[in-house]
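As a basis for the values below, the full set of heavy atoms in this structure was taken, side chains included, without hydrogen atoms, waters or symmetry mates.
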Amino acid sequence: MALGNLFRRRGEVDRAIRIHQNLIARPTLERGQRNTALLELSRDYMRAGLFDRAENLLQELLDTSAHAGAALGHLLDIYQQEKEWDKAIQVARRLEGLNGRHMHPVVAQFHCEQAEQAMRHGDAAGATRLLKRALNHDPNCVRASLLQARLAREAGDNRAAIQVLKRIEKQDIDFLPEALPELKTSYAALGAEPELIRYLTDIIDRYRGVTPALMLSQLIEAREGIRPAVDFLTGYLRQRPSVRGLERMIHLDLESSEGRARDDLLLLQDLTTRLLEGRPRYRCHNCGFEAKALHWQCPGCKEWNRIKPIYGLEGE
């Protein structure tokens with residue numbers, strides 16, 4: 001058994017499979033040892049990408065109630081990789097009943113996956129039902145709120161979209177940057193930018209990131225001109241230094257600069273752009289995986305809803 005596992009860890013999956021198959025074929029093998037060999041063989045098949053074979057072995061183990069926790073965990077991995085979300089939901093519920101692990105947030109993500117599939121097929125009603133299920137499982141599911149807002153906006157109900165997006169602050173304020181572009185679009189469609197300005201002014205004190213301030217500076221520039229936008233941003237950056245905020249302020253100052261001052265600002269703009277362009281914006285709080293785009297499931301550790309914006313001088 002140890003030798004087969006060693007081969008699998010070394011990437012020699014074919015040799016691991018042969019060893020574990022030979023073990024299972026022994027007629028004198030004790031039941032407990034056979035079940036352990038079946039579990040290891042299923043892991044071999046998963047490593048080789050033979051998910052159908054692995055699934056059959058894991059179902060056999062569940063039928064005998066052997067290694068139930070491990071078998072359900074591996075089945076959950078398989079169904080996620082194969083995007084069989086109904087089966088993944090069933091397995092997650094069984095896993096929760098078996099070991100008491102809180103699976104509601106994960107099940108909510110599975111319903112969101114189903115909702116996105118429905119949206120791609122133009123089934124808005126089906127997507128709406130699935131998103132309600134997601135929020136029933138996890139009232140703090142930000143992803144479900146973002147998708148609900150998109151559905152409302154596509155249906156022309158921008159007021160409803162705004163109401164849903166404002167809910168994200170209470171669900172998890174760290175995801176506010178994901179909601180703000182949609183909020184801006186909905187307020188613009190209603191011609192209600194002053195309402196957005198009031199909302200951003202109010203939320204800046206509660207949110208530690210720079211995105212609301214950047215958006216507010218854009219709105220101030222559009223309504224009052226460059227100088228008030230620069231004054232606002234200068235005051236903000238004195239209290240909360242940010243490279244992204246500095247980049248925005250340089251852009252504003254370039255509009256009214258000439259000669260040597262403009263050349264210096266262009267140099268600073270180039271430096272800040274280079275500094276930011278290679279920086280990741282998100283990090284997994286479980287394994288440390290970093291990315292430039294938001295992933296609801298971490299590509300590194302496969303955990304759900306653990307990737308969030310990076311805060312700090314060069315981040316949010």
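Put simply, the side chain of Asn22 gets close to the backbone of Arg18: a donor and an acceptor are under 3.5 Å apart. Side chain of His251 to main chain of Glu247: no donor-acceptor pair is present (N/O by atom type, distance under 3.5 Å, no hydrogens or angles). Glu221 places no side-chain N or O within donor-acceptor distance of the main-chain N or O of Ile226, the cut-off being under 3.5 Å. Distance alone, capped at 3.5 Å, is enough to place a donor-acceptor pair between the Arg262 side chain and the Leu254 backbone. No donor-acceptor pair closer than 3.5 Å links the side chain of Ser186 to the backbone N or O of Leu183.
Note that CZ of Arg279 and CD of Glu290 are 7.0 Å apart. Values are rounded to the nearest 0.5 Å. To the nearest 0.5 Å, the span separating CD1 on Ile250 from CG on Leu267 amounts to 9.0 Å. Remark: Arg274 CZ to Asp270 CG distance equals 4.5 Å, nearest 0.5 Å. For the atom pair Gln90 CD and Leu95 CG, the distance stands at 13.5 Å (nearest 0.5 Å). Note: Arg143 CZ to Leu131 CG = 9.5 Å, rounded to the nearest 0.5 Å. With rounding to the nearest 0.5 angstrom, the CE atom of Met215 is 11.0 Å from the CD1 atom of Ile203.
For the residue pair Gln80 and Glu113, no side-chain donor N or O sits within less than 3.5 Å of a side-chain acceptor on the partner. For Asn56 and Tyr45, the side-chain atoms include no donor-acceptor pair closer than 3.5 Å. Gln114 and Asp86 form a side-chain donor-acceptor contact under 3.5 Å, judged by distance and modelled atom types alone. For the residue pair Lys184 and Gln218, a side-chain donor N or O sits within less than 3.5 Å of a side-chain acceptor on the partner. Between Arg167 and Gln148, the side chains place a donor N or O and an acceptor N or O closer than 3.5 Å (distance only, hydrogens not considered). His74 and Ser42 share no side-chain donor-acceptor pair at under 3.5 Å. No side-chain donor from either of Asp138 and His104 sits under 3.5 Å from a side-chain acceptor of the other.
Ion pairing between Glu12 and Arg47 fails under the 4.0 Å rule for side-chain N and carboxylate O. One finds no salt bridge joining Arg198 and Asp202 here, because no Lys/Arg side-chain nitrogen approaches an Asp/Glu carboxylate oxygen to under 4.0 Å. Look at Asp174 and Arg208 and you find a salt bridge, because one of the NZ, NE, NH1 or NH2 atoms lies within 4.0 Å of a carboxylate O, short of that distance. Looking at Asp231 and Arg227, a side-chain N of the basic residue comes within less than 4.0 Å of a carboxylate O on the acidic one, giving a salt bridge. Of the charged side-chain nitrogens involved, at least one lies within less than 4.0 Å of a carboxylate oxygen, so that Glu169 and Arg206 count as a salt-bridged pair.
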inquiry  = Please determine whether side-chain contact (heavy atoms from CB on, under 4.5 Å) holds for the pair Tyr187 and Glu195, giving the CA-CA distance in whole Å, both sets of side-chain angles, and the decisive distance to 0.1 Å.
reply    = CA-CA 8 Å; Tyr187 274 119; Glu195 291 183 38; 3.5 Å; yes

key: Verdict with reasoning, Gln297 to Arg306, per side-chain contact (heavy atoms from CB on, under 4.5 Å)   = CA-CA 7 Å; Gln297 183 185 31; Arg306 299 303 302 274; over 6 Å; no

inquiry  = Apply salt bridge (Lys or Arg N to Asp or Glu O under 4.0 Å) to residues Arg153 and Glu182 and explain how you reach the verdict.
reply    = CA-CA 9 Å; Arg153 191 163 53 81; Glu182 298 291 329; 2.7 Å; yes

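Side-chain atoms of Leu75 and Leu62, non-hydrogen and from C-beta on, do get closer than 4.5 Å to each other. Taking the side chain as every heavy atom from C-beta outward, Phe175 and Leu294 approach each other to under 4.5 Å. Contact of the Asn5 side chain with the Glu40 side chain is registered, since non-hydrogen atoms from C-beta on lie closer than 4.5 Å. The closest side-chain heavy-atom distance from Cys141 to Gln109 is below 4.5 Å. Between Ser65 and Asn35 there is no side-chain heavy-atom pair separated by less than 4.5 Å. Using a 4.5 Å heavy-atom cutoff, the side chains of Asp172 and Lys308 are in contact. When side chains are defined from C-beta on, Arg223 counts as touching Ile197, because their heavy atoms get closer than 4.5 Å. For the pair Ser242/Leu237, a side-chain contact is recorded, criterion being any heavy-atom separation below 4.5 Å from C-beta on.
Connection of Leu276 to Leu252 is not established within any shared hydrophobic cluster, with ILVMFWY side chains joined at heavy-atom distances below 4.5 Å, either directly or through further cluster members. Cluster annotation: Leu176 is not connected to Leu147 through the hydrophobic network of ILVMFWY side chains, with a link wherever side-chain heavy atoms come within less than 4.5 Å. The hydrophobic cluster containing Leu265 also contains Leu214, counting ILVMFWY residues as joined when their side-chain heavy atoms lie under 4.5 angstrom apart, directly or transitively. Clustering ILVMFWY residues whenever any of their side-chain heavy atoms sit less than 4.5 angstrom apart, transitively, puts Val142 in a cluster other than the one holding Leu130. The same ILVMFWY cluster, assembled from side-chain heavy atoms under 4.5 Å apart, contains both Leu72 and Leu41.
Within 6.0 Å of the CD atom in Glu277, the count of heavy atoms belonging to other residues, nucleotides or ligands exceeds 12. A 6.0 Å sphere centred on NE2 of His102 holds more than 12 heavy atoms belonging to other residues, nucleotides or ligands. Environment of CD in Gln59: crowded, with over 12 heavy atoms of neighbouring residues, nucleotides or ligands closer than 6.0 Å.
Just one residue in the list Lys170, Gln171, Arg150 forms a side-chain hydrogen bond (donor to acceptor under 3.5 Å, both in side chains) with Ser145, and that residue is Gln171. With Leu38 as the fixed residue, the side chain to side chain contact (heavy atoms under 4.5 Å, CB included) test singles out one of Leu23, Ile24, Leu58: Ile24.
Residues Cys298 and Ile307 share a closest heavy-atom pair of CA-CD1, 3.8 Å. Nearest heavy atom pair, residue Leu233 against residue Gly245, reads CD2-O, 3.7 Å. Met1 approaches His20 most closely through the heavy-atom pair O-NE2, 3.8 Å.
By the ring pair (Phe, Tyr, Trp, His ring centres under 6.0 Å) test, Phe110 pairs with Trp85, Trp304, sequence neighbours left out. For Glu316, the salt bridge (charged side-chain N to carboxylate O under 4.0 Å, His left out) partners at least two apart in sequence or on another chain are Arg244.
In this structure, Arg283 is not positioned above the aromatic face of Phe289 in the sense of NZ or CZ being under 6.0 Å from the six-membered ring centre and within 45° of the axis.
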